[in-house]
**Student:** 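One structure is given below, represented as structure tokens, and several questions about it will come after.
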Amino acid sequence: MKLLKLWRLVLLSLVFGMAVILSNCGTPSNTVSNNSPTPTTPAAVPAGALVYGAGGPPINLEPGNITDGNSVIVIDQIYNRLTDFKPGTVELEPSLATEWSSSTDGKTWTFKLRSGVKFHDGTDFDAEAVKFNVDRWWDAKNPNGFREAGKNYPIWKNFFGGFKGEKDSLVKDVAVVDKFTIKFVLNQPFAAFPSAIGSGYFGIASPAAVKKAGAKYGTPGSLAVGTGPFVFQEWRSGDRIILEKNPNYWKAGTPKVNQLVIRFVDDPAARLAQLRAGQLDFTVDLTPDQLKEVQGDANLEAVVRPSFNVGYLALNPSYAPLSKPEVRRAIAQTINKQAIVKAFWGELGKYDSQFIPPALNWAASDQVKDYEFNPQQAKAILAKAGYPNGFDLDLWYMPVSRPYFPTPKPIAEAFAADLSAIGIRVKLLTKDWSAYLADRLKPPGFQAFMMGWTGDYGDPDNFYYPHFGPGSTADLGNWKNPKVLELLDRGRASGDKAARAKIYAEVSEILHGEAVRLPIVHSQPLLGKRKNIQGWIPSPLGSESFEDVSKS
């Protein structure tokens, strides 16, 4: 109870604007660790360059082999995808594909490609280039995938069930019809396939560049070559990525600036300080308690990204006592979501019982109510489950701010304080972001951990399938629920919205009882820009091209 009271005091102090500094167990060489909101003076950039403050460095710049937002935001500048989304929406629009259509049975999708497009290295974009990229993601035996070097393309499996030849693979074949036509043959219908293949992970890279760089493609000191608005120039580990205007970009009149600098600043306080000092032109993932500071600066403008995410606490059933659903539900009953969301997000956060965000509530179940905050009842459940004195729990929190968890460590401390009320003794752990992402997938994974998701396309499938579908639960010890898997496949195959709503409502009801990923918050991420920046339209999907952004 003393810990609980202490946490309440911490929350009050946060509400009144206490700066929170994230700590990391062992600072890696390719991240920034600021221990003060006053940043060191960054290296100068050329006059007129557009400077963006990222929440951390990318893992790599290799499409199809990343899962994190810091990588996607850079990839969005270098590459194009087959399809894209209209600015500020989840509405699909053409990109490298100008049109697409499906067969009557919904199992074949044909894409007509844009002609006259060049990669940054001068080679041609065509259907063979698309097939080259898809084959290296999808075919585990493809030599250009360089899997012997540790590349495993997990996002492909999360989205499309499995790799070539696997029983859960959605894709059956990829075929070049002609120079500017590519065909995807599926094992089952998937109505949202054009949206899924157009998500930010699947930029089209130059085959010549991939072959030239080999397994080092997309890493610091190597190549990253697409068809996008900006050309990769340099990656300074721990500091920045420098991109130059693509003079031959196929979208006339863009990009608007000659140079784009993406700086890595992992501390939200440092990002805001640098924004105020003019060292950054625009930035993301500020903490909700910084809103008034942004609004109070005459040179800045607060920008809110539309909410299309979920921040969750994962409970890995491969560990005892989390193998018991009643123990997981007891934990859910002990976390005071209302107080935590109010303290850490204020008006920029929403909590409810659903894993999908409010924008997709057409697919929610009205039978699912949020877990009642009732520590006394939870303690009794633990006792009945065989843990009258609680147990030890390792809880991992990410070392960088994310749109759904802008201050991970203090939020984790709040979870720990709540859980102490029922005798659960929490040990807080973290590690370098790239290791955090990778190690949670290695058996048996983390016992409990914070993670989140920003939607990649406007469909409930994109929230459920990458978290509960085939091949997507390695971080939960490969937990699976056969009924959920069946329902997710039915949801993908159906084109009837009303039928799909019933399917996903049932999914929600089952997952609420299983309590393996506890939804904590749906946030509206706070962004900031200087008032001389125009044309920035943040996407609800968490990342967007800066091709239309200008600086006066």
Side-chain angles (χ1 to χ4, degrees), residues 7 10-11 14-15 18-25 31 33 54-56 59 67-73 265-272 283-291 304-305 307-315 331-332 335-352 355 357 394-419 426 428-437 440 446 448-455 463 467 475 517-527 540 542-543:
W7 169 60
V10 171
L11 291 184
L14 280 167
V15 171
M18 182 184 74
V20 177
I21 307 303
L22 295 181
S23 64
N24 191 350
C25 295
T31 60
S33 181
I59 302 303
T67 61
D68 68 299
N70 288 331
S71 297
V72 172
I73 195 67
V265 188
D266 64 354
D267 176 18
R271 287 201 295 279
L272 180 53
T283 193
V284 291
D285 301 340
L286 299 174
T287 61
D289 63 354
Q290 292 174 315
L291 176 60
V304 175
R305 190 183 296 280
S307 178
F308 200 65
N309 62 29
V310 60
Y312 62 85
L313 176 64
L315 304 175
I331 288 175
I335 293 175
N336 191 343
K337 284 168 57 173
Q338 180 178 5
I340 289 173
V341 171
K342 182 178 180 181
F344 291 99
W345 287 269
E347 63 187 82
L348 299 178
K350 177 181 175 61
Y351 68 94
D352 60 27
F355 194 80
D394 287 349
L395 196 164
W396 291 79
Y397 65 91
M398 60 264 294
V400 295
S401 62
R402 303 302 303 130
Y404 33 81
F405 286 133
T407 53
K409 185 181 181 184
I411 295 168
E413 289 170 341
F415 293 156
D418 276 349
L419 293 175
V426 174
L428 295 180
L429 299 164
T430 192
K431 58 173 60 179
D432 162 61
W433 183 224
S434 60
Y436 186 99
L437 292 173
R440 84 184 205 280
F446 297 156
F449 60 94
M450 293 165 61
M451 189 52 69
W453 184 262
T454 297
F463 281 81
H467 291 95
D475 57 354
R517 301 193 199 269
L518 307 180
I520 302 297
V521 69
H522 302 292
S523 72
Q524 297 180 78
L526 175 63
L527 324 178
S543 176

**Student:** To the nearest 0.5 Å, what is the distance between OG1 (Thr430) and CG (Leu395)?
**Tutor:** 10.5 Å
**Student:** Please report the closest heavy-atom contact between Thr407 and Pro410, naming both atoms and the distance.
**Tutor:** O-CD, 3.2 Å
**Student:** Taking C-beta and beyond as the side chain, do Trp396 and Lys431 meet within less than 4.5 Å on heavy atoms?
**Tutor:** yes
**Student:** May I ask you to check whether Tyr397 and Phe446 place their ring centers less than 6.0 Å from one another?
**Tutor:** no
**Student:** If I take atom CG from residue Leu429 and atom CG from residue Asp394, how far apart are they, to the nearest 0.5 angstrom?
**Tutor:** 5.0 Å
**Student:** State the CZ-CG distance between Arg517 and Leu313, to the nearest 0.5 angstrom.
**Tutor:** 11.0 Å
**Student:** Say whether, by atom type as modelled, one donor and one acceptor occur between the side chain of Gln290 and the main chain of Leu272 under 3.5 angstrom.
**Tutor:** no
**Student:** How long is the straight-line distance from CG of Leu291 back to CD of Gln524, given to the nearest 0.5 Å?
**Tutor:** 10.5 Å
**Student:** Do Val400 and Asp285 make a side-chain contact, defined as non-hydrogen atoms from C-beta onward lying under 4.5 Å apart?
**Tutor:** no
**Student:** If you measure from OH on Tyr404 to CE on Met398, what distance do you get to the nearest 0.5 Å?
**Tutor:** 4.5 Å
**Student:** So do Met450 and Ile520 actually touch side chain to side chain, heavy atoms under 4.5 Å?
**Tutor:** no
**Student:** Quick one: closest heavy-atom pair of Leu428 and Val426, and the distance?
**Tutor:** CD2-CG1, 3.7 Å
**Student:** Please tell me if the side chains of Val265 and Thr283 come closer than 4.5 Å, counting only heavy atoms from C-beta onward.
**Tutor:** no
**Student:** Heavy atoms only: give me the nearest Gly55-Asn70 pair and the separation to one decimal.
**Tutor:** N-OD1, 3.8 Å
**Student:** Under 4.5 Å between any side-chain heavy atoms of Arg271 and Thr287, yes or no?
**Tutor:** no
**Student:** Parallel, tilted or perpendicular for Trp345 and Phe405, by the 30°/60° rule?
**Tutor:** tilted
**Student:** When you compare the side chain of Ile340 with that of Phe415, does any pair of heavy atoms fall below 4.5 Å?
**Tutor:** yes
**Student:** Work out which heavy atom in Ser401 is nearest to a heavy atom in Pro406; give both atom names and the distance.
**Tutor:** CB-O, 3.0 Å
**Student:** Looking only at heavy atoms, which two atoms of Asn309 and His522 are closest? And how far apart?
**Tutor:** O-ND1, 2.6 Å
**Student:** Whether the Arg305 and Thr454 side chains hold a donor-acceptor pair (N or O, under 3.5 Å, no angle test) is what I'd like checked.
**Tutor:** no
**Student:** As an exercise, state the distance from CH2 of Trp453 to OH of Tyr312, rounded to the nearest 0.5 Å.
**Tutor:** 8.0 Å
**Student:** Determine yes or no for a side-chain-to-main-chain donor-acceptor pair under 3.5 angstrom, with Lys337 supplying the side chain and Pro519 the backbone.
**Tutor:** yes
**Student:** Checking the side chain of Arg440 only, and the main-chain atoms of Asp475 only, is there a donor and an acceptor separated by less than 3.5 Å?
**Tutor:** no
**Student:** Any idea which heavy atoms bring Val341 and Gly349 closest together, and the distance?
**Tutor:** CG1-C, 3.8 Å
